Amino acid sequence: GDINGNILPEKTENGGSKREAEKVDLAEQSLLNKLIRRSLVRNRNQVEVLQRDPTSPLYSVKTFEELRLKPELLKGVYNMGFNRPSRIQENALPMMLAQPPQNLIAQSQSGTGKTAAFSLAMLSHVNPDNKWTQCLCIAPTYELALQIGQVIEQMGALCPDVKLAYGIRGNRLERGVKLQEQIVIGTPGTVLDWCTKYKLIDPKKITMFVLDEADVMIATQGHRDQSIRIHRQLTKDCQMLLFSATFEDSVWRFAEQVVPDPNIIRLKREEETLDTIKQFYVLCREKEDKFTALCNLYGSLTIAQAMIFCHTRKMAAWLTANLTNEGHQVALLSGEMTVEQRAAVIDRFRNGKEKVLVTTNVCSRGIDVEQVSLVVNFDLPVDMDGNADNETYLHRIGRTGRFGRRGFAVNMVDSKHSMDVINQIEMHFNRRITKLDTSNLEEME
Ligand code: ADP
């Protein structure tokens, strides 16, 4: 029939260096996640705890009261709207606050409460009467450091004697005059300078060291080395805490270098499944044909919200312009936007200001698709060799949790090659992808 064998998927936006670009993007992605996060990520998996001393009792708390925090700090926590500790906090908080201090490596996906946990630990740890830096926290970028700082400032709003300084580029201070702020949060380069070159911080007086987003940190060689150099300045008694969203071997090796004798807490991310998703494909000739199919689709469907994925910025822009022409209210999420602009677009979409979001791969991570009832792969997800990118496919249309809402996925097939990709995806997930005739949509109801 309609299959045209000549059309290959367009090249990725970043040409050959996609992998490199993804690395660079990690920090941005993480920031975007933070900017759009309103609440804890749901996760029903069990927390795994590996204690350094397996014979010591394992403490976990179900309430913040059990932590015996200073009243003004407890109030600060409640003022943030936190009622009880998150899954990871239940175990991590008592460990971080234990006496004598214990080291910790904690891994859980973004949005599970790590930042709130170590912010609380730092605020609880410092002695406000001592006017020198006691807690040092490093993060991969300026923007991520600021995000953590905001949490500390909010949570510590009722602890006016606890002060915070930002060790980030552009923050120039007089050499040799020691900081009075009890908490310093910054990026590895500046913090290292502050400890060594400028001597604003006495590393021997640091009693709590926090390294956040270890996976993002080591994606940049320079940051990795600077982190280790900061770590070397610290004393053996300094409490070391390391956090990461993922845990590949490289992260693990780094963590073990920075955190001796650690307790380990892990919360595996909830698996995404296609179980509640009805999957279809539509045969098309070229992009105009795909566009017509798309218009038919949501002309006849009562959809809550839809996300449409394109392979390139150019295609996404073209599609957005055409949909707008047809009178649809469409938002575009594109790689050339700043993280803040992207966060604003996602916010509007979440609040239902637009029903349709057109996007490319790079931008889509972190968007919670539970509220989206239709996902359209205007271009199919493929890797650099043109093979099915199953992981991205699952991420675009899958849902977590067994009771995730139902949804539809429609794949536009415009070549023999993309039909092959559909077949690969079917095989991989062992789920049928049914042919759909967009001029007759009864199958979808
Ligand atoms: P992570 O550092 O793992 O990405 P965060 O600490 O930033 O996670 O928390 C994710 C979101 O959940 C934030 O909006 C934060 O304010 C909120 N949050 C954190 N801990 C709690 C809690 N115990 N109760 C309710 N919300 C929380």
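What you see is a predicted model, and the numbers here were worked out from it, not measured in a lab. The analysis underlying the following values was restricted to heavy atoms, covering all of them including side chains, and did not include hydrogens, waters or symmetry mates. Each ligand, and each atom within it, is numbered from 1 in the order the structure gives.
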With a 4.0 Å cut-off, would you call Arg431 and Asp275 a salt bridge? yes
Classify the side-chain pair Gln233/Thr196 by whether it contains a donor and acceptor separated by less than 3.5 Å. no
Does a side chain donor of either Gln221 or Asp225 reach within less than 3.5 Å of an acceptor in the other side chain? yes
Closest protein heavy atom to atom 15 (C) of ligand 1, given as residue, atom name and distance to 0.1 Å: Phe82 CZ, 3.9 Å
Taking side chain to side chain donor-acceptor pair (under 3.5 Å) as the criterion, tell me which of Glu48, Gln46, Gln109 meets it with Lys268. Glu48
Does Leu297 reach the side chain of Val376, with side-chain heavy atoms less than 4.5 Å apart? yes
Shortest reach to atom 8 (O) of ligand 1 by a heavy atom, considering only Gly113, Pro85, Ser39: Gly113
Atoms of ligand 1 under 4.0 Å from any heavy atom of Ser86, numbered from 1 in the order shown, are 23 (N)
Is there at least one pair of N or O atoms, one from Gly111 and one from ligand 1, spaced under 3.5 Å apart? yes
For ligand 1, which atoms, with element, lie under 4.0 Å from some heavy atom of Ser110? 4 (O)
What are the two closest non-hydrogen atoms of Leu123 and Gly156, and how far apart are they? CD1-N, 3.7 Å
Any non-hydrogen atom of Lys34 lying under 4.0 Å from ligand 1? yes
Classify the ring geometry of Trp252 against Phe247: parallel below 30°, tilted from 30° to 60°, perpendicular beyond 60°. perpendicular
If you measure every N or O of Ser108 against every N or O of ligand 1, does any of those distances drop under 3.5 Å? no
Does the residue Phe64 have a heavy-atom contact with ligand 1, meaning some pair of atoms that are separated by less than 4.0 Å? yes
Pull out every atom of ligand 1 sitting under 4.0 Å from any heavy atom of Ala116, numbered as shown with elements. 6 (O), 19 (C), 20 (N)
Starting from atom 20 (N) of ligand 1, what is the nearest protein heavy atom, named by residue and atom, and what distance separates them? Gln89 NE2, 3.0 Å
What is the ring orientation for His231 with Phe209, classed by angle as parallel under 30°, tilted 30 to 60°, or perpendicular over 60°? tilted
Flag Thr115 as yes when one of its N or O atoms lies below 3.5 Å from any N or O atom of ligand 1, and as no otherwise. yes
Here the atoms of ligand 1 under 4.0 Å from any heavy atom belonging to Arg37 are 10 (C), 11 (C), 14 (O)
Check this for me, if you would: do Glu143 and Lys34 make a salt bridge, where the nitrogen-to-carboxylate-oxygen distance has to be below 4.0 angstrom? no
Locate the shortest heavy-atom distance separating Cys238 from Thr207; write the atom from each residue and the value. SG-C, 3.7 Å
Structural part of Ala117 in contact with ligand 1, heavy atom criterion under 4.0 angstrom: neither
Atoms of ligand 1 close to Arg84 [distance to a heavy atom under 4.0 angstrom, numbered from 1]: 22 (C), 23 (N), 24 (N)
Here the atoms of ligand 1 under 4.0 Å from any heavy atom belonging to Leu40 are 12 (O), 18 (N), 19 (C), 20 (N), 21 (C), 22 (C), 24 (N), 25 (C), 26 (N), 27 (C)
Check this for me - ligand 1, Met80, N or O atoms closer than 3.5 angstrom, yes or no? no
